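Quick notes on the structure that follows.
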Amino acid sequence: MSGDADIATVGALVSDPARARILMALGDGRALAASVLAGEAGVAASTASAHLGRLVDGGLLRVERHGRHRYFRISGMLGTELMAALLRDGLLAGGDGVFDVDRAREDHLSAPGFDHDYRLTPDGVDRLGEFGIDFGSMPRRRPLIRYCVDWSEQRHHLAGSLGAALAERMFDLGWIRRADRSRAVHLSDAGREGLHQVFGAQAR
């Protein structure tokens with residue numbers, strides 16, 4: 001299976017029942033303390049800490065420090081929130097950004113999607129060009145727009161040449177940075193503010 005999802009790694013992380021319960025507790029977008037997640041998972045605090053460490057290292061969770069406490073939330077929301085913002089503002093058209101198992105014909109979670117034909121609108125060309133996207137320099141051999149189905153959000157995130165160009169532009173601006181030991185990316189405070197100002201995306 002092609003695409004940008006490391007299914008084997010994700011499968012290993014969620015195969016443990018305690019880690020699965022932690023992810024389910026965070027599925028509504030909240031940030032919860034480690035002690036709360038230990039209770040949700042039904043394990044001791046030390047065991048929960050080990051599980052949370054693996055989920056952070058695997059790129060599925062990110063941790064925020066508030067004083068002496070650590071709070072965890074699902075880290076996959078950046079891509080899906082940006083996709084939703086592009087669709088909401090009419091920069092992309094062709095779908096609603098949501099994976100619906102009852103409507104899906106070929107799409108599967110954690111895999112490239114085929115059910116929708118997303119396309120760039122004239123407003124999208126203008127707005128993304130102003131953001132610094134150089135459409136003329138994109139490789140011809142790669143589709144301009146593809147999408148993948150995010151397993152944790154059950155929504156679509158942008159892939160293809162346009163997705164790669166947007167990511168590279170955000171790296172250049174310092175809005176996101178690569179994690180040390182995984183393919184995850186971390187959103188900076190400047191990125192959170194910039195995504196809200198430029199795209200109206202409430203990224204976390």
Side-chain angles (χ1 to χ4, degrees), residues 1-10 59-60 62 74-100 103-180 182-188 190-204:
M1 182 177 291
S2 60
D4 63 356
D6 187 351
I7 297 175
T9 298
V10 171
L60 299 187
R62 65 183 178 89
I74 290 177
S75 62
M77 295 182 178
L78 170 58
T80 57
E81 287 295 330
L82 179 57
M83 182 78 165
L86 295 175
L87 290 167
R88 184 187 63 243
D89 287 355
L91 308 189
L92 292 181
D96 60 5
V98 177
F99 174 75
D100 186 338
R103 292 184 298 163
R105 299 181 301 274
E106 299 183 57
D107 286 359
H108 304 280
L109 292 176
S110 300
F114 300 94
D115 284 345
H116 297 276
D117 182 24
Y118 288 111
R119 59 195 179 277
L120 192 64
T121 66
D123 282 346
V125 173
D126 292 341
R127 288 270 304 276
L128 294 175
E130 292 171 1
F131 181 61
I133 302 301
D134 182 2
F135 292 99
S137 66
M138 292 184 182
R140 300 291 183 182
R141 65 184 182 278
R142 186 178 188 184
L144 176 65
I145 297 174
R146 290 201 65 183
Y147 71 97
C148 292
V149 184
D150 186 272
W151 75 271
S152 60
E153 291 292 296
Q154 298 191 33
R155 293 192 293 165
H156 302 160
H157 67 259
L158 189 63
S161 296
L162 180 56
L166 278 167
E168 197 58 41
R169 179 62 175 148
M170 288 189 284
F171 280 124
D172 291 343
L173 292 171
W175 287 11
I176 55 176
R177 62 177 178 80
R178 291 179 174 87
D180 294 332
S182 75
R183 299 177 67 185
V185 297
H186 298 291
L187 180 65
S188 68
R192 190 172 293 107
E193 182 178 353
L195 284 164
H196 179 63
Q197 290 182 349
V198 175
F199 297 108
Q202 299 290 341
R204 296 186 284 268

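Only a predicted model underlies this, so the values are computations on that prediction, with no experimental measurement involved.
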Quick one: are Met170 and Leu82 in side-chain contact, heavy atoms under 4.5 Å? yes

Apply side chain to side chain contact (heavy atoms under 4.5 Å, CB included) to residues Phe135 and Leu162 and explain how you reach the verdict. CA-CA 8 Å; Phe135 292 99; Leu162 180 56; 4.0 Å; yes

Please find the pair of heavy atoms, one from Met138 and one from Ser161, that lie closest to each other, and give the distance. SD-CB, 3.9 Å

Compare all side-chain heavy atoms of Leu91 with those of Asp126 and state whether any distance is below 4.5 angstrom. no

Decide yes or no on side chain to side chain contact (heavy atoms under 4.5 Å, CB included) for Asp150 and Phe99, but give the supporting numbers first. CA-CA 9 Å; Asp150 186 272; Phe99 174 75; over 6 Å; no

Quiz item: cation-pi between Arg178 and Phe171, 6.0 Å / 45°: yes

Side chains of Leu144 and Arg119: closer than 4.5 Å at any heavy-atom pair? no

In the structure I gave you, are the side-chain heavy atoms of Leu128 and Phe199 within less than 4.5 Å of one another anywhere? yes

Taking the side chain as C-beta and beyond, is there a heavy-atom pair between His108 and Val149 under 4.5 Å? no

Would you say Glu81 and His157 make side-chain contact, with heavy atoms under 4.5 Å? no

Once you round to the nearest 0.5 Å, how far does CZ of Arg146 lie from NE2 of His116? 14.0 Å

Would you please test Ile145 and Leu158 for side chain to side chain contact (heavy atoms under 4.5 Å, CB included) and show each step? CA-CA 7 Å; Ile145 297 174; Leu158 189 63; 3.9 Å; yes

Closest heavy-atom pair and its distance - Asp115, Tyr147: N-OH, 2.8 Å

Could you give me the CA-CA distance, side-chain angles and deciding distance for Ile176 and Arg169, then say whether side chain to side chain contact (heavy atoms under 4.5 Å, CB included) is met? CA-CA 9 Å; Ile176 55 176; Arg169 179 62 175 148; over 6 Å; no

Suppose we screen for salt bridge (charged side-chain N to carboxylate O under 4.0 Å, His left out). Which residues come up paired with Asp89, at least two apart in sequence or across chains? Arg127

Compute the centroid of each ring, for Trp175 and then for Phe131, and state whether the two points are separated by less than 6.0 Å. yes

Residues Ala159 and Cys148: closest non-hydrogen pair is CB-SG, 4.2 Å

List the residues meeting salt bridge (charged side-chain N to carboxylate O under 4.0 Å, His left out) with Arg103, not counting sequence neighbours, and say none if there are none. Asp96, Asp100

